[in-house]
There are 2 protein chains.
Amino acid sequence: MDPQEEIPLALRAAYLMLHRQSDAAFAPYGVTADQFVLMARLSEGGAMTQKELANRMPSDPSTVRAMLVLLEGRGLVRRERHPTDGRARMAALTKVGRRKFGQLWKAGDSIRGRAVAEMSSDDACKLVQLLKQFTESLDPNSVVPETVTEGWRQK
Amino acid sequence: MDPQEEIPLALRAAYLMLHRQSDAAFAPYGVTADQFVLMARLSEGGAMTQKELANRMPSDPSTVRAMLVLLEGRGLVRRERHPTDGRARMAALTKVGRRKFGQLWKAGDSIRGRAVAEMSSDDACKLVQLLKQFTESLDPNSVVPETVTEGWRQK
DNA sequence: TCAAAGTAATGCGTACACGCACTAAGATAA
DNA sequence: TTATCTTAGTGCGTGTACGCATTACTTTGA
């Protein structure tokens, strides 16, 4: 079959499978797969603006806000005004949030393990590289160097 | 970086990028990326039960139902009772649906083209193979032949 | 034959993923 | 300084992805 037509389907199937299994793995902790991703970003980056968090997820700012409001209500996340920029809000994990994330990370181990158990290390790297290339080639904000004939750049 | 931790993130980023770009490409036709997937399955498989359609998407039966109800209201899809099984319903594209799908397929060409433009044919195949392997290894319903020591099988 | 087990669809509730319009605040330029 | 532009966040509406409980029908087995 033509791989060009099959990539989107295989990608969709893989992502949804991962999402379902992750949701199931985190459900005992009362957390969803996407909430885990958000907490992972906050955990590795410390306090950051909602905009920055949305860029790193990656997700839509309005989606991120809804998730933060929800997690704030559960005491896992803290939102404070930015010290100098009156528009922005800084989001960060609370102490409880950090502890919860530690548990989640361990709970997620089995999934990450299963996913690459039958895959060579080389193949795993190759998969990451191809996925990044795929994402990049679809990103309208990515600049293809060779085609830049004038002096403009995405900021 | 450890590819084991990076695969889920790269997969998520790639899928969401594909989904956003597809939604944008199909929006002028009043159809979403997921509705396109559903229509593609009906287009290639003809009439089938909702259960069968859900398996092929792959998606949850209740999600598929909601989408079918919506598309039926727009005249793109038809739902009739199964001739012999009183529980089941057969879903199929209407004539209008088939025509719409033809337009969508062409509209999606640019995305499929962009996605593999900078990717060798070998890499595209490799990507599909790795994604399928990933999906399979996470699927609790998949049976790993070597580990089957007793006579049982998933039906 | 008739009760028990299994299956397809439905309805409901929650969470995500967006786009869009809007507000408020910072940045820039005349 | 003031008018303009840009940017961060918010609120709202629609569609998708589930899980779970329920209903209606089919299949199986005693």
Side-chain angles (χ1 to χ4, degrees), chain A residues 12-39 48-74 76 79-91 155, chain B residues 12-39 48-55 57-74 76-77 79-91 155:
Chain A
R12 175 187 161 95
Y15 173 72
L16 290 177
M17 177 63 73
L18 170 67
H19 199 265
R20 276 189 289 264
Q21 297 302 316
S22 302
D23 265 344
F26 297 137
Y29 302 88
V31 170
T32 68
D34 297 288
Q35 288 167 359
F36 172 79
V37 173
L38 184 151
M39 293 175 74
M48 66 186 78
T49 65
Q50 297 185 184
K51 170 81 173 163
E52 176 64 21
L53 180 55
N55 286 339
R56 292 196 193 191
M57 294 272 297
S59 277
D60 190 89
S62 64
T63 301
V64 169
R65 175 189 177 268
M67 294 177 72
L68 285 174
V69 168
L70 209 155
L71 291 173
E72 191 176 31
R74 295 184 190 161
L76 300 177
R79 282 200 307 163
E80 314 172 329
R81 306 220 70 87
H82 190 285
T84 65
D85 189 336
R87 298 166 298 181
R89 280 167 170 275
M90 302 294 288
K155 60 165 299 187
Chain B
R12 176 186 158 94
Y15 173 71
L16 290 178
M17 177 62 72
L18 170 66
H19 199 265
R20 276 189 289 264
Q21 298 304 315
S22 301
D23 265 343
F26 297 138
Y29 302 89
V31 170
T32 69
D34 297 288
Q35 288 167 358
F36 172 79
V37 172
L38 184 150
M39 292 174 75
M48 67 186 78
T49 66
Q50 296 186 184
K51 169 81 172 163
E52 175 65 21
L53 180 54
N55 286 339
M57 293 273 296
S59 278
D60 191 88
S62 64
T63 301
V64 169
R65 175 187 178 269
M67 295 177 70
L68 285 174
V69 168
L70 208 157
L71 292 173
E72 190 176 31
R74 294 185 191 160
L76 300 177
V77 151
R79 284 200 305 163
E80 316 172 328
R81 305 219 70 86
H82 190 285
T84 66
D85 189 336
R87 299 166 298 182
R89 279 169 171 273
M90 302 294 288
K155 61 160 299 189

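The sequence lines fix the lettering, A, B, ..., with proteins before strands; numbering per chain opens at 1.
- Within the 4.0 angstrom heavy-atom criterion, no nucleotide atom of any strand lies near A:Ser22.
- If you check every strand for non-hydrogen atoms under 4.0 Å, A:Arg81 touches nothing.
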Report task. Take B:Met90 and B:Arg79 through the test side-chain contact (heavy atoms from CB on, under 4.5 Å) and record every step on the way to the result. Result -> CA-CA 6 Å; B:Met90 302 294 288; B:Arg79 284 200 305 163; over 6 Å; no
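- Between C:dA15 and A:Gln35, no contact under 4.0 Å exists linking OP1 or OP2 to a side-chain N or O.
- Summarising the geometry, the separation between CE on A:Met67 and P on D:dT10 is reported as 15 Å, rounded to the nearest angstrom.
- The phosphate of D:dT7 (OP1 or OP2) has no side-chain N or O of A:Arg89 nearer than 4.0 angstrom.
- Look at CG on A:Asp60: it is 17 Å from P on D:dG13, rounded to the nearest Å.
- At the heavy-atom level, A:Ser59 lies under 4.0 Å from the strands shown only through sugar-phosphate atoms.
- Across the protein-nucleic acid pair, A:Leu70 atom CG and C:dG13 atom C1' stand 14 Å apart, rounded to whole Å.
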Query raised in the report: Does the pair A:Leu53 and A:Leu68 meet the rule for a side-chain contact (heavy atoms from CB on, under 4.5 Å), with working shown?
Result: CA-CA 10 Å; A:Leu53 180 55; A:Leu68 285 174; 4.1 Å; yes
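- Residue-to-nucleotide contacts include no donor-acceptor pair under 3.5 Å from the side chain of B:Arg65 to the base of C:dT10.
- Place A:Leu16 and B:Arg74 on DNA chain D by their nearest nucleotides, and B:Arg74 ends up nearer the 5' end.
- Between the base of C:dT7 and the side chain of B:Arg87 there is a donor-acceptor pair shorter than 3.5 Å.
- Nearest heavy-atom pair across A:Met67 and A:Leu38 is CB-CD1, 3.8 Å.
- Minimum heavy-atom separation, B:Asp23 to B:Ala33: OD1-N, 2.7 Å.
- Between A:Arg12 and D:dT16, a side-chain N or O to OP1/OP2 separation shorter than 4.0 Å is absent.
- Between B:Asp34 and A:Arg12 there is a salt bridge, since a side-chain N of the basic residue sits under 4.0 Å from a carboxylate O of the acidic one.
- Side-chain N/O atoms of A:Thr49 and base N/O atoms of D:dG9 include no donor-acceptor pair closer than 3.5 Å.
- Under a 3.5 Å cut-off, the side chain of B:Glu52 and the backbone N or O of B:Thr49 do not form any donor-acceptor pair.
- Per the geometry, CG belonging to A:Leu18 stands 12 Å off P belonging to D:dC18, to the nearest Å.
- Straight-line distance from the NZ atom of B:Lys51 to the P atom of C:dT10: 14 Å, rounded to whole Å.
- Between A:His82 atom NE2 and D:dT7 atom P there is a gap of 16 Å when expressed in whole angstrom units.
- Side-chain to base pairing of A:Ser62 with D:dG9: no donor and acceptor N or O lie closer than 3.5 Å to each other.
- Remark on DNA chain D: of its neighbouring residues A:His19 and A:Arg79, the 5'-side contact belongs to A:Arg79, judged by nearest-heavy-atom nucleotide.
- Atom P of nucleotide D:dT16 and atom CG of B:Leu38 are separated by 9 Å, given to the nearest angstrom.
- When heavy atoms are screened at a 4.0 angstrom cut-off, A:Thr32 is found touching the sugar-phosphate backbone but no base atom.
- As a whole-Å value, the separation of A:Phe36 CZ from C:dC16 C1' is 17 Å.
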